[in-house]
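Down below is the structure, laid out as structure tokens.
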Amino acid sequence: MLATPKQLRELGILGMNRRNVSMIAAKNPRHLYPLVDDKLKTKKIAEAAGIAVPRLLAVVSQERSVKDLPRILEKYRQFVVKPSNGSGGKGILVVTHHDGDNYVKSSGDQISMESIQRHVSNTLSGLYSLGGRPDVAMIEALVQFDPIFAEYSYEGVPDIRVVVYMGFPVMAMVRLATHESDGKANLHQGAVGVGIDIATGQPLRAVQHGRPVTHHPDTRHKLSDVKIPHWDRMLKLAAACYDVTGMGYLGVDIVLDQNLGPLIIELNARPGLAIQVANGIGLLPRIKRVDGLTDVLKKPDDRAEWSMREFGML
Ligand SMILES: Nc1ncnc2c1ncn2[C@@H]1O[C@H](COP(=O)(O)OP(=O)(O)O)[C@@H](O)[C@H]1O
Ligand SMILES: [Mg+2]
């Protein structure tokens, strides 16, 4: 049974219209969109600000460079090919190893160099980009995901989404890849979303396709046992993305690399609303708390600490 608009309002659920008008349009200056819609730009500004991101190995921006790919990729055993202007996991090719001419994807399927070249050509022509515009292909280092997540994720890197409002982390969830989501951590592709308590980094509840779940559908592990290391570092990293982009309503996606720690993988100017379902609580009361704050907290670390004090649920 669907809740009525009135019931949703009582839970403080932020709806689509209000998100689009009061959050995205009001808090995210239009001219800043390219900073977050273009992953190459995001990577550059983040790096310049000292924020850790997966290492950029190469960029292919012209069709005539496609023939050089065997030489460019020769020195890398593992890499990810990504459309700079892509979204929703489209056009992302994760290569976990290769020997000689055989490249192997995260799914275990083999892929030939010719197929990789075709994939890059398609990327350049805009097959995976927003609005089908011509794009560039980024070649990025493979994130070595922390084994702590191995029991909760299937053939893919889990990511941690933090919604940051005016520089304050207001809500968080972990997204876990499933067989159904094809190794990608995108909820509408069937990934599991686990709401995370801002104060402690502990799981609150979990959903798949908007319905409560208790165990990972593939690994069968209990989702209430999920643990997130480096929690306060992650929140501080997320808070700092406000200063870097100037975006008042931002979805910050973080992955945990086994060797490098938390890395910013992507920023989103139009973060989805399902995070509220995963947390069992609405965004609006938290947004109001931030709006009502009279202290000026310039430092991202101070804002993250304020959020940890304010938004605990456990
Ligand atoms: N460098 C990487 N190493 C390993 N997996 C990656 C890497 N980049 C992306 N992925 C996987 O692909 C998913 C989508 O990547 P992302 O950069 O968030 O693009 P999108 O805008 O399409 O969501 C991630 O959630 C992760 O599961
Ligand atoms: Mg993403």
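All residue numbers refer to positions in the sequence shown, counting from 1. Numbering of ligands and ligand atoms starts at 1, following listing order.
For atom 15 (O) of ligand 1, the closest heavy atom belonging to the protein is Ile92 CD1, 3.1 Å. Atom 1 (N) of ligand 1 has its closest protein heavy atom at Glu140 OE1, 2.8 Å. Looking at atom 10 (N) of ligand 1, its nearest protein heavy atom turns out to be Ile265 CD1, 4.0 Å. The protein heavy-atom contact nearest to atom 23 (O) of ligand 1 is Glu266 OE1, 3.2 Å. Taking atom 17 (O) of ligand 1 as the reference point, the nearest protein heavy-atom neighbour is Lys82 NZ, 2.8 Å. Counting protein heavy atoms only, atom 26 (C) of ligand 1 is closest to Val157 O, 4.0 Å.
Residue contact check for ligand 1: Ala141 places a non-hydrogen atom closer than 4.0 Å to it. Ligand 1 does not have Arg175 within reach: every non-hydrogen atom of the residue lies 4.0 Å or more from it. In this structure, Ser87 counts as a contact residue of ligand 1, since one of its heavy atoms falls inside 4.0 Å of the ligand.
Residue Leu142 places no N or O, backbone or side chain, under 3.5 Å from any N or O of ligand 1. Geometrically, ligand 1 and Pro54 share no nitrogen or oxygen pair separated by less than 3.5 Å. Remark: ligand 1 and Val80 share no N or O pair separated by less than 3.5 Å (distance only, no angle test). Looking at Asp253 next to ligand 1, no N or O pair under 3.5 Å apart turns up.
Looking at Gln276 and Met171, their side chains come closer than 4.5 Å, going by heavy atoms from C-beta outward. At a threshold of 4.5 Å between non-hydrogen side-chain atoms, the residues Glu180 and Gln208 count as touching. Using a 4.5 Å heavy-atom threshold, the side chains of Val194 and Val207 count as separate.
Residues Ser121 and Glu63 bring a donor and an acceptor atom of their side chains to less than 3.5 Å of each other.
Remark: ligand 1 atoms within the under-4.0 Å shell around heavy atoms of Gly89 are 20 (P), 22 (O), 23 (O). For ligand 1 and Gly86, the ligand atoms under 4.0 Å from any heavy atom of the residue are 21 (O).
The environment of His179 atom NE2 is sparse: at most 12 non-hydrogen atoms of other residues, nucleotides or ligands sit within 6.0 angstrom. Within 6.0 Å of CG on Asn17 lie no more than 12 heavy atoms contributed by other residues, nucleotides or ligands.
Screening Lys298, Arg303, Lys299 for a side-chain hydrogen bond (donor to acceptor under 3.5 Å, both in side chains) with Asp243, the sole residue that qualifies is Arg303.
Checked against a 6.0 Å centroid threshold, the rings of His119 and Tyr128 count as neighbours.
The stretch residues 290-314 participates, sequence neighbours left out, in these ring pair (Phe, Tyr, Trp, His ring centres under 6.0 Å) pairs: Phe168-Trp306, Trp306-Phe311.
Glu266 lies close to the Mg ion (ligand 2), since one of its N, O or S atoms is found at a distance under 2.8 Å.
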